[in-house]
Asker: 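Below: one structure in structure tokens.
Below, chain A is the first sequence line, B the second, and so on; all start at residue 1.
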There are 4 protein chains.
Amino acid sequence: MMATTRQRLLDAAERVLRTKGLAAASTREIAREAGCADGTLYNHFRDRADLFVAIFLEKLLPDYWEVLSKLSYRIGEGTVQAHLEELAQIALAFYYKAAPMRAALFAEPELLQRYREALKSQAQIRQQERPAPLLAAYLRAEQRLGRVAVQANPTIAAEALFGTCASYALRQCFLGESPTSEADRQFVLELVRSLMEGLSPREPSI
Amino acid sequence: MMATTRQRLLDAAERVLRTKGLAAASTREIAREAGCADGTLYNHFRDRADLFVAIFLEKLLPDYWEVLSKLSYRIGEGTVQAHLEELAQIALAFYYKAAPMRAALFAEPELLQRYREALKSQAQIRQQERPAPLLAAYLRAEQRLGRVAVQANPTIAAEALFGTCASYALRQCFLGESPTSEADRQFVLELVRSLMEGLSPREPSI
Amino acid sequence: MMATTRQRLLDAAERVLRTKGLAAASTREIAREAGCADGTLYNHFRDRADLFVAIFLEKLLPDYWEVLSKLSYRIGEGTVQAHLEELAQIALAFYYKAAPMRAALFAEPELLQRYREALKSQAQIRQQERPAPLLAAYLRAEQRLGRVAVQANPTIAAEALFGTCASYALRQCFLGESPTSEADRQFVLELVRSLMEGLSPREPSI
Amino acid sequence: MMATTRQRLLDAAERVLRTKGLAAASTREIAREAGCADGTLYNHFRDRADLFVAIFLEKLLPDYWEVLSKLSYRIGEGTVQAHLEELAQIALAFYYKAAPMRAALFAEPELLQRYREALKSQAQIRQQERPAPLLAAYLRAEQRLGRVAVQANPTIAAEALFGTCASYALRQCFLGESPTSEADRQFVLELVRSLMEGLSPREPSI
DNA sequence: GATGAATGAGTATTCATTCAT
DNA sequence: TATGAATGAATACTCATTCAT
């Protein structure tokens, strides 16, 4: 079952990107990793930037998007906390993979711009929402059902959930730590619990 | 008042890094921006990586560190919420400046490694703590004073505060948005409020 | 009849090497001399060292090796002296061309190492012998036929023949003298005669 | 007993030259090895070439010259063979040290030229003879005393003695072999014996 | 579609040398 | 004398991309 050349290039590029970094992910290096000639890349992608954008749009994001889009089916079911835990778990795994690569894009503003534009047009085509707004919408729905505190700010809560996971994953990558399922799982559980609970001391209820 | 050549190089490098990105921050470009010859850079820095590490260690982090280190003097004073708001404000401003540059380091693993090592040795020399542990320590102290809920998790709360700010700033930069004091200020206030409050609905206290 | 790019590079490199010296034989200079772009060199050679090694292995040594390898066919034919004269002549011509280039390699130990290794692997592949051992083997064969004195040391004689020619050529190059066929021819004849005769005074045979 | 700065530079330069090669013997590297500032070199030598020429003229050659100049005192004393053996021994030791450095000069024609000119003017100033002519003169004197065969060619014999030693030493250096006193001593003895004896079979003296 | 040679601008870094201190 | 910052040209090599096959 021979993979298509285009797919081999995408896979090779992601591998190089992950292991050697964006700066070392030259078209030649990628071609070598994919086992094809230098020029072949240009039969499948407009240029180097196009290839990297495709990695995100075709390899990294789809799975993540799919999970996120199912959130709306859960409204009113199970417990909010359980849903957040599951979601945070998935988000963390995604960020471990994707965050360092996305961060690297900041090294090449032109690439970043191309990625931004690609995301924007994808959003239009597939009516794709970014993760935080999707989660915020879910939380608002639960809020209407009385399963989330009325004084809570769903937008910020969603931002905090994803933001904390993303930063945590990026820092772990920076420190060279690989994901350790147990510690990471604990982190996620504690994070969700904290978001549910808050810091303010409760007045004793009589 | 002529700045020292070394300082001119540091300033120029930061400017190039911020405006054109790491990949375009070549030694030549930096030298040109600093108004000195190509080779001069190497009279003041061991190599390109050394220069970038110096930008973080000498230009970006010191101010931030100083603010953070003063946290311990605030224990028991004012309100916890007010301190968190002030801190988040400062952190956000810092991340707007520093996060895109730090993110870009992921494009060059060797550079990232050098930065990691430099941070580590600085930590030993100056007994520098990373931001989150510092904040967590403060929260634990307040917890002991009963000004933070006993069931709260200071470590996670600190992680969430900084993580959310960092991710928010990085996304704003990604979207090409420049810091808008009012919207950002609102974000920070809401974030702190959310962290204080939590999502769980409160039982009516009769 | 267009020469291949690789060959043009080899020729150009040898020309530059001979006329301007190893230190001035930069990749750029060679590319310019070959009439191709800077980068083209790297489509045909792994690096600069690889190119120089190729000059010796593909341009300079093969002809010389071929002559040397035919020595064994001469055993017992003609006179030993005539064979040595012919060989010394050829060796001298070779050294005029190759000795200054080989000497220059001592300026760059890494290059020297690469050349040494290349020679070694060639020796295995082509069962190539170095000149002196080849000549020594021939002399030993002639010795067995009684055409070389039994008390002679073929190894040393071979060493002396080539060594003297090599040193002579190198000194001539050092002095800026170009090969002058007549003087050099005389030198070779006298050298061979001397090696045949020896310095010790002969007892009068009566 | 502090060495003069000039001497420290000479020593450092020779060390660098021997261990890292001419190409790596930059003025900066030498200054670092000598433990002085970059610019100091230019207080003692006109330029880089001047320093290298001085190494030969002041450090390497004087001892060797002194030995050679004493040859004339030996005329008629001891045996010719013993004198040649001693001389070859000394020459070989000298070439082990000096030959790779001299060879390297061929990499930089300008340097070679400067060395050539320096040698020439030294020859005038100190009436210095090159080794081979000195030895040839000695041999001619012995020839007149009947201690060297009349049909011998002193010029060529001298050339062969030094040339063979020089080539042998250079090849050993090329192969990365360090001087092994015993093998080298054997080589020298055999070389002298061979030069005395010759290759031609002797007619049985009845 | 696939190839891989050719391009020439671009990279980080080193160089010998100067000169004000 | 000694210093070491400044110079700017030079170094080997890599780059994304093109295009004839």
Asker: How many Å lie between CZ on B:Arg28 and C1' on E:dT14, as a whole number?
Answerer: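 From B:Arg28 CZ to E:dT14 C1': 13 Å.
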Asker: Rounded to whole angstroms, how far apart are CG on C:Leu111 and C1' on F:dT11?
Answerer: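 To the nearest whole Å, that distance equals 14 Å.
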Asker: Just one of A:Asp11, A:Thr4, A:Thr5 clears the side chain to side chain donor-acceptor pair (under 3.5 Å) bar with A:Gln7, so which one?
Answerer: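 Answer to the side chain to side chain donor-acceptor pair (under 3.5 Å) test with A:Gln7 among A:Asp11, A:Thr4, A:Thr5: A:Asp11.
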Asker: Roughly how many Å is it from CZ in C:Arg6 to C1' in E:dG4, rounded to a whole number?
Answerer: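 Going from C:Arg6 (CZ) to E:dG4 (C1'), I get 16 Å.
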Asker: On DNA chain E, compare the nucleotides closest to A:Thr5 and B:Ala24; which residue's is nearer the 5' end?
Answerer: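 Final value for this comparison: A:Thr5.
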Asker: Does C:Glu108 come within less than 4.0 Å of C:Arg48, counting only side-chain N to carboxylate O?
Answerer: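 Judged by the 4.0 Å cut-off on N to carboxylate O distance, C:Glu108 and C:Arg48 do form a salt bridge.
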Asker: Counting any heavy atom closer than 4.0 Å, what does B:Ser26 reach on the DNA or RNA strands: base, sugar-phosphate only, or nothing?
Answerer: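 Since only primed, P, OP1 and OP2 atoms lie under 4.0 Å of B:Ser26, the category is sugar-phosphate.
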Asker: Could you check whether any side-chain N or O of A:Arg8 sits under 3.5 Å from a backbone N or O of A:Ala34, counting only pairs where one atom can act as donor and the other as acceptor?
Answerer: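 Indeed, once roles are kept as given, a pair shorter than 3.5 Å links the two residues.
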Asker: Between C1' on F:dC13 and CD on A:Glu29, what's the gap in Å once rounded to a whole number?
Answerer: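 These atoms are roughly 15 Å apart.
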Asker: Which residues within residues 31-58 of chain A lie with some heavy atom under 4.0 Å of an atom in DNA chain E?
Answerer: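 Residues of residues 31-58 of chain A that come under 4.0 Å of DNA chain E are, in numerical order, A:Cys36, A:Ala37, A:Asp38, A:Gly39, A:Thr40, A:Asn43, A:His44.
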Asker: Measure from CD1 on D:Ile30 to C1' on F:dA2 and round the result to the nearest Å.
Answerer: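 Going from CD1 in D:Ile30 over to C1' in F:dA2 covers 18 Å.
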Asker: Going by number, which of residues 100-107 of chain D have a non-hydrogen atom under 4.0 Å from DNA chain F?
Answerer: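 Per residue number, the list is empty: none.
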Asker: To the nearest angstrom, how far is C:Glu110 atom CD from F:dA12 atom C1'?
Answerer: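 That distance rounds to 11 Å.
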Asker: I'd like to check the salt bridge (charged side-chain N to carboxylate O under 4.0 Å, His left out) partners of A:Arg102; sequence neighbours left out, ordered by chain and number.
Answerer: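 Counting only residues at least two positions away or on another chain, A:Arg102 forms no salt bridge (charged side-chain N to carboxylate O under 4.0 Å, His left out).
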Asker: Whole Å only: how far is the CG atom of B:Leu9 from the P atom of F:dA5?
Answerer: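 Roughly 12 Å, once rounded to whole Å.
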Asker: Pairing check on F:dA6: which nucleotide meets the Watson-Crick or G-U wobble criteria with it, both distances under 3.5 Å?
Answerer: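 Partner of F:dA6: E:dT17.
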Asker: Give a yes or no on whether the ring-centroid distance for B:Phe52 and B:Phe45 is below 6.0 angstrom.
Answerer: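 B:Phe52 vs B:Phe45: aromatic centres not under 6.0 Å.
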Asker: To the nearest Å, give me how far apart CD (B:Glu108) and C1' (F:dC15) are.
Answerer: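 In whole Å, F:dC15 C1' lies 14 Å from B:Glu108 CD.
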